[in-house]
S.K.: 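The structure follows.
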Number of protein chains: 2
Amino acid sequence: MTDVTTEHGPRRDRVAERRAATRREIIDAAWILAQDKGLAEFTLRDLADAIGLRAPSLYTHFASKDAIYDAMFAQGWADFVEVSLAWLPELPEQPRASLKVAARVFFDFAVENPVRYQLMHQRVIPGFAPSPESYAPSLRMQEIARHIFENLGTTDPADLDIWTALVSGMAHQQIANDLGGTRWSDQLDRVMDMFADGIGLPH
Amino acid sequence: MTDVTTEHGPRRDRVAERRAATRREIIDAAWILAQDKGLAEFTLRDLADAIGLRAPSLYTHFASKDAIYDAMFAQGWADFVEVSLAWLPELPEQPRASLKVAARVFFDFAVENPVRYQLMHQRVIPGFAPSPESYAPSLRMQEIARHIFENLGTTDPADLDIWTALVSGMAHQQIANDLGGTRWSDQLDRVMDMFADGIGLPH
DNA sequence: GTCTATACTGTGATAGAC
DNA sequence: GTCTATCACAGTATAGAC
């Protein structure tokens, strides 16, 4: 609380590292169980079993099951920010092509892991709402998207609203009605052309 | 099971009517509680209390809580079919205008009752999946949509897929990010124009 | 400071009396 | 057909062993 961190240096880090490692172990196991049994279906006893702990011991690391969801939510968005930033330099100069690549990055990230998509975009967990801290990476992502659109020469914020609705709408349909297929995936570029024409982007 | 219904006529109907009335009473109360406390948050004890029954008595009318969701799901889609059929004769001759009205009908129905939208389009209830019978009105709706698109002169089934993704995507964003506002509602006609241009509909 | 044993509360669901 | 009583199992709280 006071000057604990400087008391005697190296010891402290080991403890913190072990704690962080256990937290990560819990979250990793939670993702696997969520994909396996469903996001809301796995129990804390399942989760504890998966990493060789007793259920109450989880409370040493997380205040509640919702706190675990919260960490997963934050991680999902952080991963998406990371993927997006990695793609940023790769975006084509040509605005229309750039739009298509950006849409594909979003779409693929969503379809690649439907459970993660559920947690990030739907309110699937009864009573769960992300904390402000966990919501932060999501806001960060909006900034990145806004940046991409500025580079496109677009100034109307409504354009970004529409783009978000279209791409997430396509991803949602793909996940809900043709998981593993390409029924909507195949149409994504067409939709992007419609959008590009609509906001007056040059060919 | 055998010839019970014909045993002595009038008596039988009264019983059936009372049963149907109670079922309706349960479902109506469930919708109110769902809007009030959340779709998954209301308990069977809440529901029973609301209509002056004990929780176990609900099992006389529904086999499980999921069976209640199932009936709500079916009713939601049946209502949407009804609303759509009522609009069908009112659709403008002009294809583009017709598209916009149809989109508005879908969008307004979704936004008007977010909880119903959740149940109909998202998998918000852990473990709940609609029964084939309850899913039927949803298929009926697809038929109606296909009929509308045929009247537009559209033959490519992918066009309807895209249209569905766009309109539901817009509705989802409106519900999730600006409930009660018009941020996406105001852009719906623009999106429909983009779509109409994209599939080559005349002005 | 980490984990275990035990127990509490609220949930959907069932059994049997009336 | 509705009741009372009760079940199994969920998330969660706490006391104490090491």
S.K.: Are Ser98(B) and Asn151(B) close enough that some pair of their side-chain heavy atoms sits under 4.5 Å apart?
M.R.: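 Result no, sub-4.5 Å side-chain heavy-atom pair not found.
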S.K.: Do any pairs count as a salt bridge (charged side-chain N to carboxylate O under 4.0 Å, His left out) and have a residue in residues 157-173 of chain A, sequence neighbours left out, and if so which ones?
M.R.: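 Salt bridge (charged side-chain N to carboxylate O under 4.0 Å, His left out) check on residues 157-173 of chain A returns Asp159(A)-Arg190(B), Asp161(A)-Arg183(B).
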S.K.: Send over the distance from Tyr69(A) OH to dA10(D) C1', rounded to a whole Å.
M.R.: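 For the pair Tyr69(A) OH and dA10(D) C1', the rounded distance is 11 Å.
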S.K.: Are more than 12 heavy atoms, taken from residues, nucleotides or ligands other than Glu93(A), located less than 6.0 Å from that residue's CD atom?
M.R.: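 Counting other residues, nucleotides and ligands, CD of Glu93(A) stays at 12 neighbours or fewer.
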S.K.: Rounded to whole angstroms, how far apart are CG on Leu47(B) and C1' on dA13(C)?
M.R.: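 One finds 15 Å between C1' of dA13(C) and CG of Leu47(B), rounded.
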S.K.: Measure all distances between protein nitrogen or oxygen atoms and nitrogen or oxygen atoms of nucleotides 5-11 of chain C, and list the pairs falling under 3.5 Å.
M.R.:
none

S.K.: Atom CG of Leu58(B) to atom C1' of dA13(C): distance rounded to whole Å?
M.R.: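 After rounding, the gap between these two atoms is 11 Å.
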S.K.: State whether the side chain of Ser131(A) and the backbone N or O of Ser134(A) hold a donor-acceptor pair below 3.5 Å, judged by distance alone.
M.R.: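 Side chain of Ser131(A) to backbone of Ser134(A), a donor-acceptor pair under 3.5 Å: yes, one is there.
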S.K.: Enumerate the residue pairs fulfilling side chain to side chain donor-acceptor pair (under 3.5 Å) with a member in residues 115-126 of chain A, sequence neighbours excluded, ordered by first and then second residue.
M.R.: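 Every pair satisfying side chain to side chain donor-acceptor pair (under 3.5 Å) with a residue in residues 115-126 of chain A: Glu112(A)-Arg116(A).
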S.K.: Between Ile51(B) (CD1) and dT2(D) (C1'), how many Å, whole number?
M.R.: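 These atoms are roughly 12 Å apart.
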S.K.: So, does His61(A) get its side chain near the phosphate of dT2(C), meaning an N or O under 4.0 Å from OP1 or OP2?
M.R.: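 The answer is no; no side-chain N or O of His61(A) sits under 4.0 Å from OP1 or OP2.
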S.K.: Holding to side-chain hydrogen bond (donor to acceptor under 3.5 Å, both in side chains), I want the full list of residues that pass it with Arg146(A), two or more places apart in sequence or in another chain.
M.R.: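 By the side-chain hydrogen bond (donor to acceptor under 3.5 Å, both in side chains) rule, Arg146(A) matches Glu143(A), Glu150(A).
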S.K.: Does anything in residues 32-56 of chain B form a salt bridge (charged side-chain N to carboxylate O under 4.0 Å, His left out)? List the pairs, not counting sequence neighbours.
M.R.: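 Qualifying pairs, neighbours excluded: Lys37(B)-Asp46(B).
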S.K.: Taking the six-membered ring of Phe195(B) as reference, does the NZ or CZ atom of Lys100(B) fall below 6.0 Å from its centre and within a 45° cone about the axis?
M.R.: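 Judged by the rule, Lys100(B) and Phe195(B) form no cation-pi pair.
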S.K.: To the nearest angstrom, how far is Tyr59(B) atom OH from dG12(C) atom P?
M.R.: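 Checked: the OH to P distance equals 7 Å.
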S.K.: How long is the line joining CZ of Phe62(B) and C1' of dG1(D), in whole Å?
M.R.: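 Value for this atom pair: 15 Å.
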S.K.: Could you please name the option among dC3(C), dC3(D), dT12(D) that lies closest to any side-chain atom of Ser64(A)?
M.R.: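 Shortest atom-to-atom distance from the side chain points to dT12(D).
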S.K.: From CG of Asp49(A) over to P of dC3(C), roughly how many Å is that when rounded to an integer?
M.R.: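 These atoms are roughly 15 Å apart.
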S.K.: Counting only heavy atoms and a strict 4.0 angstrom limit, can you tell me which residues of residues 24-39 of chain B come near DNA chain D?
M.R.: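 Those residues whose heavy atoms fall under 4.0 Å from DNA chain D, taken from residues 24-39 of chain B, amount to none.
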S.K.: Let me confirm one number: the CD-CD distance from Gln173(B) to Gln187(B), rounded to the nearest 0.5 Å.
M.R.: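 Rounded to the nearest 0.5 Å, the CD-CD separation comes to 12.5 Å.
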S.K.: Taking any heavy-atom pair under 4.0 Å as a contact, classify Thr22(A): base, sugar-phosphate, or nothing.
M.R.: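 Nothing, no heavy atom under 4.0 Å.
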S.K.: Quick one: is Arg18(A) getting a side-chain N or O under 4.0 Å of the dG1(C) phosphate, OP1 or OP2?
M.R.: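 So the side chain of Arg18(A) is outside the cut-off, no N or O lying under 4.0 Å from OP1 or OP2 of dG1(C).
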